[in-house]
2 protein chains.
Amino acid sequence: MTSVEITERRKRATVKDVAQEAGVSRGTVSRVLNGQPYVSEAARSAIEAAIARVGFVPNRAARSLVMQSSQAIGLIVHEPHSLFVEDPNIASILLGANEALSEADYQLSCLIADSPRDVDRLARYLSGGLIDGVIVVSARAGDRITAAVAELGLPAAFVGHPRDIGDAAYVAIDNRGAARTITRRLLDTGRSRVGMIAAALDRDSGADRLAGFVDAMGARFDPQLVQSVPFYSFSDGRAGMRELLERAPDLDGVFASSDAVAAGALEALREAGRSVPGDVGIVGFDDSSWALRCDPPLSTVHQPADQLGRAAAASVLAQLRGDTAGSPIVLECPVVWRESA
Amino acid sequence: MTSVEITERRKRATVKDVAQEAGVSRGTVSRVLNGQPYVSEAARSAIEAAIARVGFVPNRAARSLVMQSSQAIGLIVHEPHSLFVEDPNIASILLGANEALSEADYQLSCLIADSPRDVDRLARYLSGGLIDGVIVVSARAGDRITAAVAELGLPAAFVGHPRDIGDAAYVAIDNRGAARTITRRLLDTGRSRVGMIAAALDRDSGADRLAGFVDAMGARFDPQLVQSVPFYSFSDGRAGMRELLERAPDLDGVFASSDAVAAGALEALREAGRSVPGDVGIVGFDDSSWALRCDPPLSTVHQPADQLGRAAAASVLAQLRGDTAGSPIVLECPVVWRESA
DNA sequence: CTGAAAGCGCTAACAG
DNA sequence: CTGTTAGCGCTTTCAG
């Protein structure tokens, strides 16, 4: 026995090899591979043995080529760099989608669009036949990815609801309704000067949460009490709270448009020496891992991120089976009342 | 113009269509597609025009089949469910790898192994020719994925260094050295009863961080002051700290083996009414987004997660070019001294 | 410089 | 029930 390491990849066995080894034709091998009926027990077991013996694994490129399908679904994350790192929702959506696809024996491939260059490459990749459908997370209206997906006519499901996806499938939560509910609750617990840190107004979720806030405030709504910030991030939350405090030192309640934003706001409040929930009550949105980590734990809206992922996956799968896109799916998101308000 | 929506995917144009449209042969089209020389200017421009006109996009499945390569690299995340959601390092690694691959015009496909079923499907997927190489994140010794990758002989690079990857490429940080350094620092600032919350001892990183701690403690090492917990998580950090406090109420310093663990420990310390850094000093590891969020901000070891991703990607790319796996890459990770100790 | 033809590995009719 | 025969869309000799 020599000590030479066999590092190079040896040529992989093909159906032909299996056929030879089992003494049948390639057609028959293909049949057992695809679990088709009309194969004799003898042939089947001979082939199965042969497959094990030669270590055969089907070549998916070849199979995709002839089947015009790949049993793989892409999940596109189009998120500003830093946010992907901070946002626990994305990972949950990913995990949920993966579970649902896994059950259907589909492979999930998570694709990142982090630069214009990425977007171009992705568009080519998607149309290359290696992906049967896509789930698009955190798209904004006007995204090039959205356009590319639409043009390709690839089965798709969006998580969230950018305005420009036409009649494409989407799964979402009722951001506006939930925002309204939690804001009312803040009002009902005796807060009178309630402000909002409104993040990501360029996204449907951000805009809708603001709309819900406005709904709930009704006549009491004061534009001075709304601070808009670009992202659902801790640092934007802190910055937004500082602004708000400056403009309205008398506020006693805050609706932060995400838990991360609320966590940042909490920090700013602490710096400013305000107690929570004593001086000011604060509520978030998402019920992500941030919520429990905060001190005090956040009252917030529970967002079933993994279910969003599951539902989006189910939608793509349904489209693949030939169903039409179907009606939008809107998931429940109950308020979770903790100690921050 | 009718109002019928063209929803169905129309048959995509092929090289043949382009060739016809441009009045040349498929071979010539292929040549311009691949930027090969020996094509007349006339033919080239005719073909380019034709490509645009018919909206041709090459079919990657077909190309992969004949080229035996797909220009796509997989990144396998094999992490306990919840951790993937909580660990900001993974996203950073992902982003770093994506950047490096993007520059080389490779597509990154992030693959999740979240169940035994996933692992099986993944193994098949990897050997299907749709992926040219893999980056494996957060593997533990004995992982089936590791075995599958090895058996396939797929170019691979590990982030971290499980003991059983043989001479496969890996990029890592000097966990042991860094742990030693930061523990010493804790000692040097006057702490004498220093404990450790040691997470993930089944991982090289976890075991090495403990080893570094033991190194630094030298004669002062007391096994009673080490609490082992399963994961690098907030909740395990909190639980571990409670244990430690019970066993050794007199401790005045803690090395938490990750920032998330430190954050959890901080929480337990707060519950127990200990001030930080007054009563007890605490240090973490990772310099992730947790570190700055904590109150007080954590002294910790900076882990260049995005660089790990970049380096792993570079290694896979090099192997694809035919280089040997090369020597392991070990990245610097300086201590960042903040306020928690 | 370009066309014709072979074939990557697999599945899907279609006769037996 | 099984073998044979076409391709899927692309690249790549090999002659011209």
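Proteins get letters first, then strands, A, B, ... in listed order; numbering begins at 1 in each.
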Nearest heavy-atom neighbours spanning Phe56(A) and Val15(A): CE1-N, 3.5 Å

dT11(D) OP1/OP2 closer than 4.0 Å to side-chain N/O of Asn34(B): yes

Rounded distance in Å - CZ (Phe56(B)) to P (dG9(D)): 10 Å

Gln36(B) side chain near dT11(D) phosphate (N/O to OP1/OP2, under 4.0 Å): no

Nucleotide dC10(D), atom P - distance to CG of Leu130(A) in whole Å: 13 Å

Non-neighbouring partners of Arg31(A) that pass side chain to side chain donor-acceptor pair (under 3.5 Å), sequence neighbours left out: none

Presence of Gln68(A) side-chain N/O under 4.0 Å of dG9(D) phosphate oxygens OP1/OP2: yes

Asp118(B) and Ser115(B): side chain donor to acceptor below 3.5 Å: yes

First of Leu65(A) and Tyr38(B) reached from the 5' end of DNA chain C, by closest nucleotide: Tyr38(B)

Touch class at under 4.0 angstrom, heavy-atom based, for Ser40(A) against every strand present: sugar-phosphate

No-hydrogen, no-angle side-chain donor-acceptor test under 3.5 Å, Arg203(A) and Ser138(A): no

Closest-nucleotide ordering on DNA chain D, the 5'-leading residue of Ala43(A) and Arg63(B): Ala43(A)

For DNA chain C, the residues among residues 17-29 of chain A that have a non-hydrogen atom under 4.0 Å from it: Arg26(A), Gly27(A)

Candidate pair Ser92(B) and Asp306(B), rule side-chain hydrogen bond (donor to acceptor under 3.5 Å, both in side chains), full reasoning: CA-CA 5 Å; Ser92(B) 292; Asp306(B) 58 333; over 6 Å; no

Start and end of the DNA chain C segment that chain A contacts, any atom under 4.0 Å from a heavy atom: dG9(C) to dA13(C)

Test side chain to side chain donor-acceptor pair (under 3.5 Å) applied to Asn59(B) - qualifying residues, sequence neighbours left out: none

Donor-acceptor under 3.5 Å (Asp132(A) side chain, Ser70(A) main chain): yes

Spacing between Lys16(B) atom NZ and dT11(D) atom P, to the nearest angstrom: 16 Å

Whole-Å distance separating the CE atom of Met67(B) from the P atom of dG9(D): 18 Å

Ring pair (Phe, Tyr, Trp, His ring centres under 6.0 Å) involving His161(A) - partner list, sequence neighbours excluded: Tyr170(A)

Can you give the donor-acceptor pairs under 3.5 Å from side chains of residues 141-149 of chain A to other protein atoms, not counting sequence neighbours?
unit_1    : atom_1 : unit_2    : atom_2 : d
Asp143(A) : OD2    : Arg140(A) : N      : 3.1
Arg144(A) : NH1    : Asp120(A) : OD1    : 3.2
Arg144(A) : NH2    : Asp120(A) : OD1    : 3.0

Touch class at under 4.0 angstrom, heavy-atom based, for Pro58(B) against every strand present: sugar-phosphate

